[in-house]
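One structure below.
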Amino acid sequence: MDRGRFIEALSRRRLLLVPVSCSLSPVSSAAMPRYNHATIEPKWQAYWETHQTFAAPRLPSPGSKKLYALDMFPYPSGDGLHVGHPEGYTATDIVCRAARMQGCSVMHPMGFDAFGLPAEEHAIKTGEHPRSRTEKNIDTFRRQLKSLGFSYDWNRELATTDVEYFRWTQWIFLQIYDTWFDGEAQRGRPIRELPIPDDIRKQGEGAIRAYQDEHRLAYQTEAPVNWCPALGTVLANEEVVNGKSERGSHPVVRMPLRQWMLRITAYADRLEKDLDSLDWSEGIKALQRNWIGRSTGAEVDFYIGEPAPDEPACGEAASAAAEAASPRAGSPQAGSPGPSYAAWKKARDKGGFPRKPEDDVLRIYTTRPDTLFGATYMVIAPEHPFVERLTTASQQSAVKSYCEAATRKSDLDRTELAKEKTGVFTGSYAINPVNGERVPIWVADYVLISYGTGAIMAVPAHDERDFEFAQQFGLPIIQVVAKTSAPDKAALGEAASAAAEAASPVIECLAAEGVAIHSGPYNGLSTAQFKKKIAADLASQGLGREAVNYKLRDWLFSRQRFWGEPFPLLHELDSAGKPTGLVRAVDEKNLPVDLPHLEDFKPHGRPEPPLDKAPDDWLYPVIDGNRYKRETNTMPQWAGSCWYYLRFLDPQNDKAAIDLEVEKAWMPVDLYVGGAEHAVLHLLYSRFWHKVLYDRGVVSTPEPFRKLVNQGMILGENNEKMSKSRGNVINPDEVVAEYGADSLRLYEMFMGPLEATKPWSMQGVNGVFGFLNRVWRLVVDDRAEAMVLSAAVVDRPPTAEENRVLHQTIGAVTADIATLSFNTAISRMMEFTNHFTAASERPRQMLEKFVLLLAPFAPHVAEELWQALGHAETLAYEPWPAFDESLAREDSIEVPVQINGKLRSKLTVPAEADAATLEAAALADQRIAELVAGKQIVKKIVVPRKLVNIVVK
RNA sequence: GCCGGAGUGGCGGAAUUGGCAGACGCGCUGGACUCAAAAUCCAGUGACCGCAAGGUCGUGGAGGUUCAAGUCCUCUCUCCGGUACCA
């Protein structure tokens, strides 16, 4: 049936000739049939639309290859299309048009990423509903895109704001919500398959649900937001500048709010590993790997003793220099490890390393467990849960004010470059498990609560940051790694007296790997050997274990906005109207959850999301006698763009997000082109969703985008980034009006390599416009009174010479399209045109092939010329000109002759001349003979087809 | 700092496995057409020396490998993008 529909589409396309020949008349009636883009382009765009020329079949036609070429769909901003958009769009369009001519089934859709802040801000200001503003912008974008002649199947157009689209975005969210990650199997599984531990089961249904909720890929947490009391709304990070609101410069405070998170970190390993299978540039892969930031090391527990709030403070020293604290038996707070430490160690030796740290230890993560002997202090993040209990009475006020200051700082303030390290001593100590040394514990904001365990052992001799901190606060620095070259004997010998050695000041920080010193039994080991050995030793004593960490954080997936997808979730309320903490997913059959009607879009002045002011009948549904409150957060803009490539394949499906048969036939995306600004987040989020869907059997491929290309940025004529403030923005509409879409397309492809950043040049546009005019005159007599072919167009087969030029062009253009080297493809077509502009005869069938080559690049003028050459149908499905290597081959070539590597003469020889022939010809050459005369020939290098080089003395 | 990418005429950019550096376009110069201009067509156009034939230099810089280097190796400078205390 699907095939039937496709065939029907095909026949419709092929039937239509009558109206076409009629519409030729306006051109022919013109006094002079000059190249006139203003009439040609709308004419063919209308033709393609009427005849559904580019409608894609439901499934690829049997026996043909499929091509799914996807553009990153635009956000329809109020400014309209930017010249950067058509760059990537033209590239994929060329590939698609060429592929159709090469017999591929092509999927080439377009849509709009239409949720977003600007429409909502506009709504707040004017009261106009974001939907109406968004639709107007989409209309502009659609018109502009259509004016450029892209061969999209517009029947598949979608916007992420379409209720029928976000119905399935919500459905996918529910799949994610319903999934937990099985670490053993490394895959997401339905929550009902989550094994429930017995002790949880015993506690009853509530405990089981809580346990499940803890394991879902979508979970709730408290996360800080930028609350602006003056504006009465929560701001996005980019709306906050220097701690003030971007609009109005009002103060912004960070406050915790209940948020939804997606557990993308569970997929970190797969997201990293599967990059290997993708045809993406190494640069982009590196960017993603970097972002994921996998590191391997060890978790180690440092004993700190039982919490004992009433125990008198012991470490009085604010700086470790004065740290000759009086020995006190028992706890680590005493001068030396006592009985309780020994008991703890014994217990660990027997019981092993616990999954979750107990209260008597500080667990740290390090990538350099080989430097454990060099740990001279520890640092915990200001948000670390142990801060309070580790702070001694005398340090209380200092620590408290330090931590408060840290919460006020934004992330940016805390990570400011080259800023001085700050921190404060807690007064407490931990015991280093490898040598029993007491190490002071500090609080400092250079340690992040969100990475690792939020606590570190500091090894100032071998870590730049620790080094800086230690210098700042006069903490000891002990070198435990020597440079690889010569582990000096003396150092090794002295290792026993490491403590004495500690006194000797180290003034340099050596972060590189090397050989262990001052490390007891480990002295002399290389960093790699040491790491391996200590990991095993720590594990066997129950003191540590190997661990992996990622820079990647879980994805903060909720926004306090109106204009986004509502979450299909309900919070159960008790009889008093208070949330019970239980969450219920909206039934699939009740999707979509549409946005409620609001009287206006003005902020309600509370940090809660705008949907909090929705009418009660939306906000408080009653199901089975239970009252619920809807989730009022909305999804971030990323959500809709995470899966649009799937919906394009089956946009009308009201039974499923996508039909599996369709998905199997078209996925993965074969070519995905877009700006590098999405190289990290969009692609990572999208790949993450795809992997969850893969695990849940919704899609059949582990990765969505096989080949990815990032187009380069287009700069203004002054070599600066285009921006309104710089006044160098080029409006595509104006270029189309003056030069036409074909010229715009051609110019953007001719500027340089697709991936390069390159400046705009109106003279360059004029240049390719001139080329299209020359092509036009190659075929059409533009001085005639009517639309007639140039007198030079003749009906005879091409000569060998003509074929040679033609087939060289076919070969080069075909190969260049395959490698996306459009700039060189165009230059080859220019050479063809230059060559035949000078010719007095141009065989028609040669011109036809040339027009077909040009068609993917400049489709409108190509269609018009194709018609002028006597064809009634569109050329969109004409077979691509076949390359015949034997016709392209030159009979005779020029071969340079060098003497001592310098060009001295050139030989014209048969192309297949062998080395002996070439050598003889070179020596026989008059000029060469003169230059060689009287000299001794040392060596002769002869490379057939390439060159002859004679080395003389 | 770290990770990517890139440096070639006046400008945008070409150059299989190392094999004639500067394809193609813009700009510029000269010529044809024109009363003139635009448009178009033809020719020239890396720098320097030379009347010419021809020669010397030349792909950010310095070394190196090679008969031969824009291309490979070492060091180095500059620009662009990403990232930023991730232990």
Side-chain angles (χ1 to χ4, degrees), chain A residues 34 281-287 289-291 293-295 297 364-368 371 379 411-412 414-419 421 444-448 450-459 462-466 468-469 511 549-553 676-677 679-680 710 712-713 715 717 719 721 746-747 750-753 755-768 770-771 773-774 777 782-783 815 821 823-831 833-834 837-838 894-906 927 938-943 945-952:
Chain A
R34 293 256 179 89
S281 75
E282 281 311 310
I284 298 294
K285 287 189 190 181
L287 225 55
R289 282 202 190 93
N290 216 320
W291 193 263
R294 184 179 203 269
S295 76
I364 59 103
Y365 170 74
T366 178
T367 54
R368 291 293 300 273
T371 60
V379 182
D411 290 350
L412 208 90
R414 273 178 65 160
T415 61
E416 219 172 324
L417 37 131
K419 75 157 197 164
K421 295 254 181 309
D445 67 3
Y446 82 90
V447 168
L448 310 175
S450 49
Y451 184 78
T453 59
I456 62 157
M457 65 168 190
V459 185
H462 305 290
D463 182 283
E464 296 278 358
R465 299 149 300 184
D466 298 344
E468 216 178 285
F469 189 84
N549 258 299
Y550 303 91
K551 288 194 208 174
L552 182 69
R553 305 292 150 82
E677 65 274 21
V680 179
N710 287 121
M713 210 193 327
L715 305 174
E717 301 227 31
N719 247 298
K721 220 175 180 145
L746 209 55
Y747 172 65
F750 187 61
M751 292 170 86
E755 302 190 64
T757 300
K758 44 220 177 262
W760 187 266
S761 159
M762 248 351 157
Q763 285 183 326
V765 182
N766 194 51
V768 294
F771 163 65
N773 274 283
R774 283 200 297 284
R777 291 192 300 267
D782 73 336
R783 309 230 238 180
S821 310
N823 55 333
T824 48
I826 293 165
S827 75
R828 296 307 290 257
M829 291 189 284
M830 286 173 169
E831 288 182 88
T833 306
N834 292 344
T837 293
E894 235 183 23
V895 174
V897 183
Q898 300 177 337
I899 291 179
N900 290 346
K902 293 194 170 165
L903 180 67
R904 287 297 181 251
S905 183
K906 286 179 185 182
R927 224 179 107 59
V938 182
K939 199 170 179 182
K940 287 174 283 199
I941 295 98
V942 184
V943 184
R945 299 188 67 88
K946 289 293 176 194
L947 62 19
V948 178
N949 188 8
I950 299 166
V951 185
V952 299

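Throughout, protein chains are lettered first and strands after them, A, B, ... in sequence-line order, and every chain is numbered starting at 1.
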State the dot-bracket string of RNA chain B. Criteria: Watson-Crick or G-U wobble, both atom distances under 3.5 angstrom; notation: ( ) intrastrand, [ ] crossing earlier pairs, | interstrand, . unpaired.
(((((((..(((......[....)))((((((.......))))))((((....))))..(((((..]....))))))))))))....

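Distance check on atom P: B:rC72 versus B:rC20 gives 16 Å, rounded to whole Å. The same atom, C1', is picked in B:rU45 and in B:rG7; the two are 24 Å apart, to the nearest Å. Using atom C1' as the reference point in both B:rA23 and B:rG9, the two lie 14 Å apart (nearest Å). Nucleotides B:rU71 and B:rU65 are separated by 15 Å at their P atoms, to the nearest Å. Annotation: B:rC77 and B:rG63 have their C1' atoms spaced 15 Å apart (nearest Å).
The interatomic distance linking A:K902 (NZ) with B:rA68 (C1') rounds to 12 Å, in whole Å. Separating the CZ atom of A:R289 from the C1' atom of B:rG82 is a distance of 16 Å, rounded to the nearest angstrom. Atom-to-atom, CZ of A:R34 to C1' of B:rA39 comes out at 8 Å; the value is rounded to the nearest Å. Atom CG in A:N719 sits roughly 13 Å away from atom C1' in B:rG7 (whole-Å rounding). Distance, A:K551 NZ to B:rC2 P: 13 Å, rounded to whole Å. Rounded to whole angstrom, the span from the CD atom of A:E282 across to the P atom of B:rG5 amounts to 9 Å. Spacing between atom CG of A:L287 and atom C1' of B:rC2 amounts to 13 Å, rounded to whole angstrom units. When rounded to the nearest whole Å, the span between CG of A:N900 and P of B:rU56 equals 11 Å.
Syn is the classification of B:rG9, since its glycosidic angle stays within 90° of 0.
Comparing B:rC85, B:rU56, B:rC67 by their closest approach to the side chain of A:V951 singles out B:rC67. Side-chain atoms of A:D445 lie closest to B:rC85 of the nucleotides B:rG55, B:rC85, B:rA87.
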Per-nucleotide protein contact string for nucleotides 19-37 of chain B, where B marks a base within reach and S marks sugar-phosphate only (heavy atoms under 4.0 Å, - for neither):
BB--BBSSS----------

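Nucleotides of RNA chain B nearest to A:I284 and A:R553 differ in position, and the one nearer the 5' end is that of A:I284.
Checking side-chain atoms of A:K939 against main-chain N and O of A:N949 turns up no donor-acceptor pair under 3.5 Å.
Between A:K758 and B:rG12 there is no side-chain N or O to OP1 or OP2 distance below 4.0 Å.
In this structure, A:K906 and A:R927 have side chains that are not in contact, with every pair of non-hydrogen atoms separated by 4.5 Å or more.
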